[in-house]
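One structure is given below, encoded as structure tokens.
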Amino acid sequence: TNPNLTWEKIGTLNFGLYFSTRNNRLSGSLEWYYKNATDLIGLVPADITEGAGTVLSQNSAILHTKGVDITLNTVNLQVPVKWTTSLLFSVNRDKVAKYLYSPTSYANYIGDGYLNTFKVGAPANSIISYKWAGLDPLNGNPRGYFNGQASEDYESIVNSATAGDIVVSGSALPQLFGSLRNDVQYKSLALSFNIVYRFDYYFRRPVTGYSALFNNWQGYNDFDQRWQKPGDESKTNVPSLDYPADPNRDAVYNFSQVNVLKGDNIRLQDIRLSWEFNPGMIRNLGWI
């Protein structure tokens, strides 16, 4: 247990506007909020005199979040067909304002956004990668950056990367999202469908690492696109086969910015079609 830990604290400022027309053909709400989260728990260097390892979990970060939520409901038709629509629209932006931990290497920030990454000035769930310098045209080695220069010194990149050697792509969580739902009904027949959208976020695609391939037989279809001869670097970013594999070499490629993609998507989901039978209809059909 750590007796120095305290509860994380969140203060919220919220303004809302709710409206509707006299006959409720149009209704909805508009909300703006600001959250100030303090004493967030993160890793900080430990006092070496305590003998508890190199880092400890401490209240060490401040996160600012602001956003807008909009809801619109409309009655498009009423008779004989009833058709209603609901629109949800949300924007959420967060930024790490303070973090007490200064890592010895900026490579410690590298991640996929699944856990909080407290890099000051970036979203809490940032995808942070090694800056990509392409493949070496002579041997197909992946190249990152070290001290601002293209490099194949993988050990230095992984252990001593500087601020200019990494790239913040953005948040792994959608920053703009919502849905558009429609409900249509005619007598006993009803149809509903929902369109969901998520924008302004990123994900890292899984790629082949030769250490994992040789040790665990784990690979992906990018293996077929690997560099094999001079000139391939103009049409692929997959490094040449290297044996024995260098885990640091794999890391520079696997966690490079070239493997980060935008996750923006629009999906049609939750489609429902129903028919409501009444007892009289069933009797007329002779089913009961």
| task | Taking all heavy atoms of Asn139 and all of Asn141, pick out the closest pair and write down the distance. | result | OD1-N, 3.0 Å
| In the single-linkage hydrophobic clustering (I, L, V, M, F, W, Y; side-chain heavy atoms under 4.5 Å), do Val75 and Val184 co-cluster? | no
| query | Do other residues, nucleotides or ligands put more than 12 heavy atoms under 6.0 Å from the CD atom of Glu8? | reply | yes
| In terms of the angle between their ring planes, are Phe214 and Tyr243 parallel, tilted or perpendicular, with boundaries placed at 30° and 60°? | perpendicular
| request: Specify the closest pair of heavy atoms between Val252 and Ser256, including all atoms of both residues, with the distance to one decimal. | output: O-CB, 3.1 Å
| remark: side chain to side chain contact (heavy atoms under 4.5 Å, CB included) filter on Ser234, not counting sequence neighbours, yields none
| query | Do we see a donor-acceptor contact under 3.5 Å between the side chains of Asp69 and Ser90? | reply | yes
| query | Do the side chains of Trp217 and Leu241 join up, straight or via other hydrophobic residues, at under 4.5 Å, putting them in one cluster? | reply | no
| query | Which of these passes side-chain contact (heavy atoms from CB on, under 4.5 Å) with Arg93: Thr65, Val68, Asp200? | reply | Asp200
| Taking all non-hydrogen atoms of both residues, which atom of Leu135 and which atom of Thr236 are closest, and how far apart? | CD1-O, 3.5 Å
| said: Under a 4.0 Å threshold between the charged nitrogen and the carboxylate oxygen, would Asp94 count as salt-bridged to Lys35? | reply: no
| query | Looking only at atom types and distance, does a side-chain atom of Ser126 sit under 3.5 Å from a main-chain N or O of Val168, one as donor and one as acceptor? | reply | no
| query | Is the backbone of Leu173 close enough, under 3.5 Å, to the side chain of Asn125 for a donor and an acceptor to pair up by distance? | reply | no
| message | So does Trp227 get a backbone contact from the side chain of Ser240, meaning a donor-acceptor N/O pair under 3.5 Å? | response | no
| Distance-only side-chain donor-acceptor flag, Thr208 / Arg226, under 3.5 Å | no
| message | Main chain of Ser27, side chain of Ser20: is a donor-acceptor contact present, judged purely on distance under 3.5 Å? | response | no
| query | Transitively linked via ILVMFWY side-chain contacts under 4.5 Å: Phe15 with Tyr18? | reply | no
| query | Is a donor on one side and an acceptor on the other found under 3.5 Å between the side chain of Tyr154 and the backbone of Pro142? | reply | yes
| Is the side chain of Gln185 donor-acceptor paired with the backbone N or O of Lys187 at a distance under 3.5 Å, no angle test? | yes
| Atom NZ of Lys9 with >12 non-hydrogen neighbours under 6.0 angstrom | yes
| Short side-chain to backbone donor-acceptor contact, Asn14 and Glu31, under 3.5 Å | no
| Just by modelled atom types, is the Lys229 backbone N or O under 3.5 Å from a matching donor or acceptor in the Asp232 side chain? | yes
| message | Counting C-beta onward and ignoring hydrogens, is there a side-chain heavy-atom pair between Asn36 and His64 closer than 4.5 Å? | response | yes
| said: Hydrophobic cluster membership, with links at side-chain heavy-atom distances under 4.5 Å among I/L/V/M/F/W/Y: are Ile195 and Phe199 in one? | reply: yes
| field | Exercise: do Asn194 and Arg181 side chains pair donor with acceptor under 3.5 Å | value | no
| message | Distance alone, cut at 3.5 Å: any donor-acceptor contact between the side chains of Trp7 and Asp39? | response | no
| task | Report yes or no: do Asn76 and Thr74 form a side-chain donor-acceptor pair below 3.5 Å? | result | yes
| field | Tyr106 OH: over 12 foreign heavy atoms closer than 6.0 Å | value | no
| message | Whether the side chain of Asn73 engages the backbone of Ser86 through a donor-acceptor N/O pair (distance < 3.5 Å, no angle test) should be reported. | response | no
| query | What are the two closest non-hydrogen atoms of Tyr145 and Ala133, and how far apart are they? | reply | CE1-CB, 3.4 Å
| said: Could you check whether atom OH of Tyr186 has more than 12 heavy atoms from other residues, nucleotides or ligands sitting under 6.0 Å from it? | reply: no
| task | Please examine the side chains of Trp132 and Tyr253, heavy atoms only from C-beta on, and report whether any two atoms are closer than 4.5 Å. | result | yes
| remark: Here the pair of heavy atoms bringing Ala245 nearest to Pro247 is O-CD, 3.6 Å
| task | Evaluate the ring planes of Phe223 and Tyr210, with Trp represented by its six-membered ring, and classify them as parallel (under 30°), tilted (30 to 60°) or perpendicular (over 60°). | result | perpendicular
| Does a sphere of radius 6.0 Å around CD in Gln149 hold more than 12 heavy atoms from other residues, nucleotides or ligands, not counting ones at 6.0 Å or beyond? | no
| request: For Ser129 and Val260, work out which heavy atoms get closest and say how close. | output: OG-CG2, 3.4 Å
| query | Is Trp32 atom CH2 crowded by more than 12 heavy atoms from other residues, nucleotides or ligands, each under 6.0 Å away? | reply | yes
| query | Judged by atom type as modelled, is there a donor-acceptor pair below 3.5 Å linking the side chain of Arg204 to the main-chain atoms of Asp112? | reply | no
| query | Does a side chain donor of either Tyr201 or Asn265 reach within less than 3.5 Å of an acceptor in the other side chain? | reply | yes
